[in-house]
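To start, the structure itself, in structure tokens.
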Amino acid sequence: MRSSRFISAATLRHARNWLFVGTVLASGAVFGPACGVAHAAEDESASLDVLEQQMARIQAEQRELAKTMLSMQKQIAAHRAALMHGSKPGTPGSHHTLTAHNTAHTTAPEDSRGWSEHGGDRDMGTGTTTTAMNTHTGHGLHHVTGPDAQPVFSGTTDREVDSVIGHRAEDIISRIAENGVGPHARETVGAQAAGALGDHGVFHMGPVTLILGGFLDASTVLANRHVASGTFNYWQDMPYPNESRYHTNNFEGSARYSRISLMARGNVDAHSTISGFYEMDFGAGAATTDAYESNSYAFRMRQLYMAYDNSDWNFHFLAGQAWSMLTPGRIGIIPRQESLPETIESSMLAGQTWARQLQFRFVKDILQHRLWLGLSIENSATLYDTTGFTNNDGTVTLPTGRTATISSNGTGLTNDAPFSNEIAPDVIAKVAWDPSWGHYEAEGILHFPHDRVASVGTGRNNTAIAGGGGGSMVLPIIPHKLEMRLAGLAGVGIGRYGSVLLPDATLKSTGEPVPIPSVQTTGGIIAHPTPLVDVYGYFGYQAAGRRYSNYEGGSYGYGNPNYSNAGCEVELSTLGCTANTRSVMEATVGAWYRFLKGKYGTVEAGAQLAYSRRDAWKGQGGGPDTSMSQIFLDFRYLPFQ
């Protein structure tokens, strides 16, 4: 064991000496003949050709020597790791052998930032892409641990594993197959929305690596309607002409959607890693928040989860609050690779499927990382509509004289807002396919709305079965330059998973929950003409069906045609305007430009135009509609990118 280690070290010193000699020869080849050429002008052209050939040959030799040195360094690391555990490297007692299969590919530095066609870790300063090829022998043997452990990936010997999440080793979560789409390039706004990590804020604390991300954001919106939600669109509050705020423009700006993220990551052994991810912003409204003086918005949790990834079993586990597994992705089933719109509006897009909530996610990938199977157990929350009923903080008075309890307001350390009664979590399954062109997903969800109907001295529990299915795809029309995204979800009792927040369920006149049919879909074209520019156009649509009942002359439920809409078109009318939302659509275009980028980080500006329309179910007096046009502007500083 000692001799093997000594030979490797000696050989390494020998290679370094030859590299030094090669550098000296290169210098002589440049300066020595150059002097002679200066004195013999008639041979200048021929001498330059000879010099170029000599330089090319010497540079090629230097590259080969550098590769040899890198190979030897890996072998020494393997020897040291084996010696720590008392087994000779390369023998059956050792778990793995690292050989000269790590190759450095040099790519264009400044104008090719982002996803690499080689599928490697991008060094943003040098433009070098490194693709790891590790030899793996044996399963179930002793794993090397500690800071000297090197990643080993399962599969056939000498098989190159393509594609990594992110640009460098600290951001690797798992190995995935190249699909022409690739992970988010961290420079893009879609990656920032998903929680991209930084380049510059990387710290090593023993065996744990800490990585900072996030940005400082200043955004504004000018709309032709007054909806007091800022850059977070709440489409169900778009006013009809009976309200005065329908007839006035509104300007609002805020820095509240600035965010900060932190990832802690460590190697358990050569095959597995564990990581924790925190992402926060100031999107919550505290009790002391006011828009006249302090604008004191509260720090809130966006994402907070731990993840375990094992590249030997190709198994991935996530526990904590993260983007729901229903959220469309762009490669594999992997956190921070969600396919989110590049919009400035923080509600993203009407019809976008998403939630951020507690989950326990189990994912397995097979077929050389091309087929992914996922199962997620996620926190459920039924969003009820109780039009026609008397709802007193979740206690609903029924026309039969009984009482239905659908929710309770939070107490203790929980905010004073409705929390629905739930009997079981949502169950979500997804399959993702990454062929050589495009990313494709199919998914399904089960949801269980639950309440209790009671009268004095007696009662019963009621549970309905709801759910649906859908899918998404990302089509790389021009790989890494122009892509199309399509997504959709349909079913009953799933309205809250869309940005419009249409209701999941209503109640029968007897109190049982009734899931409401729902559909949501989005489509978009996204272009990255240069590494500094993102351009996008999206269309989104979300709709809810009718579920209603009538009892002894009373009208109840969602979309009941007996509801009065007679006053919706007249300002300050005293007539009714129930106007349950039937559908919301949005069309939007925008662009981002990163006009400053360097060691200090990235500064970018964005502009977006959006048009939204809200249609209501017909009632007595017709089916009203309303619309809204908006202009968004944003300046964003990313100190860690």
Side-chain angles (χ1 to χ4, degrees), residues 154 165 173-177 179 183 194-195 268 271-277 303-340 353-382 422-435 439-450 463-474 487-494 496-498 504 515 518 520:
S154 62
I165 301 301
I173 290 186
S174 62
R175 297 273 160 165
I176 53 181
N179 61 1
V268 178
H271 292 270
S272 57
T273 62
I274 190 167
S275 58
F277 185 70
Q303 298 189 78
L304 185 57
Y305 62 82
M306 62 81 65
Y308 171 80
D309 296 272
N310 190 300
S311 59
D312 190 18
W313 303 334
N314 293 327
F315 171 76
H316 319 277
F317 172 73
L318 182 149
Q321 178 165 307
W323 294 97
S324 169
M325 201 171 71
L326 277 182
T327 308
R330 59 185 292 111
I331 193 163
I333 303 177
I334 300 169
R336 302 194 308 282
Q337 292 302 326
E338 292 80 13
S339 182
L340 303 173
T353 299
W354 68 279
R356 289 192 302 269
Q357 58 196 13
L358 179 74
Q359 58 194 273
F360 300 94
R361 184 191 301 184
F362 308 85
V363 176
K364 169 72 174 175
D365 70 90
I366 58 177
L367 300 180
Q368 298 184 5
H369 317 289
R370 296 199 177 276
L371 182 63
W372 297 68
L373 307 174
L375 177 68
S376 187
I377 308 300
E378 305 196 5
N379 194 58
S380 57
T382 304
E422 300 294 339
I423 194 172
D426 288 351
V427 180
I428 299 171
K430 175 181 279 190
V431 56
W433 172 242
D434 288 305
H439 175 75
Y440 309 89
E441 296 181 348
E443 61 203 8
I445 176 175
L446 283 175
H447 174 57
F448 307 94
H450 178 78
T463 302
I465 298 177
S472 66
M473 62 180 67
V474 184
L489 183 69
V492 294
I494 57 172
R496 79 168 178 98
Y497 281 99
D504 295 320
S518 180
Q520 55 207 46

* With sequence neighbours left out, write down each residue that passes ring-ring contact (aromatic ring centres under 6.0 Å, His included) with Phe362, or none if nothing qualifies. => Phe317
* 4.5 Å side-chain heavy-atom contact, Pro449 and Asp504 -> no
* Quick one: list whatever passes salt bridge (Lys or Arg N to Asp or Glu O under 4.0 Å) with Arg330, sequence neighbours left out. => Glu483
* With sequence neighbours left out, write down each residue that passes ring-ring contact (aromatic ring centres under 6.0 Å, His included) with Tyr497, or none if nothing qualifies. => none
* Could you tell me whether a side-chain N or O of Glu378 sits under 3.5 Å from a main-chain N or O of Ser376, the two making a donor and an acceptor? => no
* Beyond-backbone contact of Asp365 with Leu371, side-chain heavy atoms, under 4.5 angstrom -> no
* Is there side-chain contact between Leu375 and Arg361, with heavy atoms separated by less than 4.5 Å? -> no
* Asked: Is a side-chain donor or acceptor of Asp434 paired with a backbone partner of Gly332 at a separation under 3.5 angstrom?
  -> yes
* Asked: Should we count CD1 of Ile465 as having more than 12 external heavy atoms under 6.0 Å?
  -> no
* Asked: Does Ser275 reach the side chain of Met306, with side-chain heavy atoms less than 4.5 Å apart?
  -> no
* To do: Could you tell me which residues satisfy side-chain contact (heavy atoms from CB on, under 4.5 Å) with Ala432, sequence neighbours excluded, listed by chain and number?
  => Ile333, Trp372, His439, Glu441
* Set of residues satisfying ring-ring contact (aromatic ring centres under 6.0 Å, His included) with respect to Trp354, sequence neighbours excluded -> Trp323
* Structure fact -> Nearest heavy-atom contact between Glu338 and Ala194 is OE1-CB, 3.8 Å
* Asked: Does Asp426 have any salt bridge (Lys or Arg N to Asp or Glu O under 4.0 Å) partners at least two apart in sequence or in another chain, and if so, which?
  -> Arg496
* Asked: Heavy atoms, side chains only, cut-off 4.5 Å: are Ile445 and Val427 in contact?
  -> no
* May I ask you to decide if Thr382's main-chain N or O and Glu422's side chain share a donor-acceptor pair within less than 3.5 Å? => yes
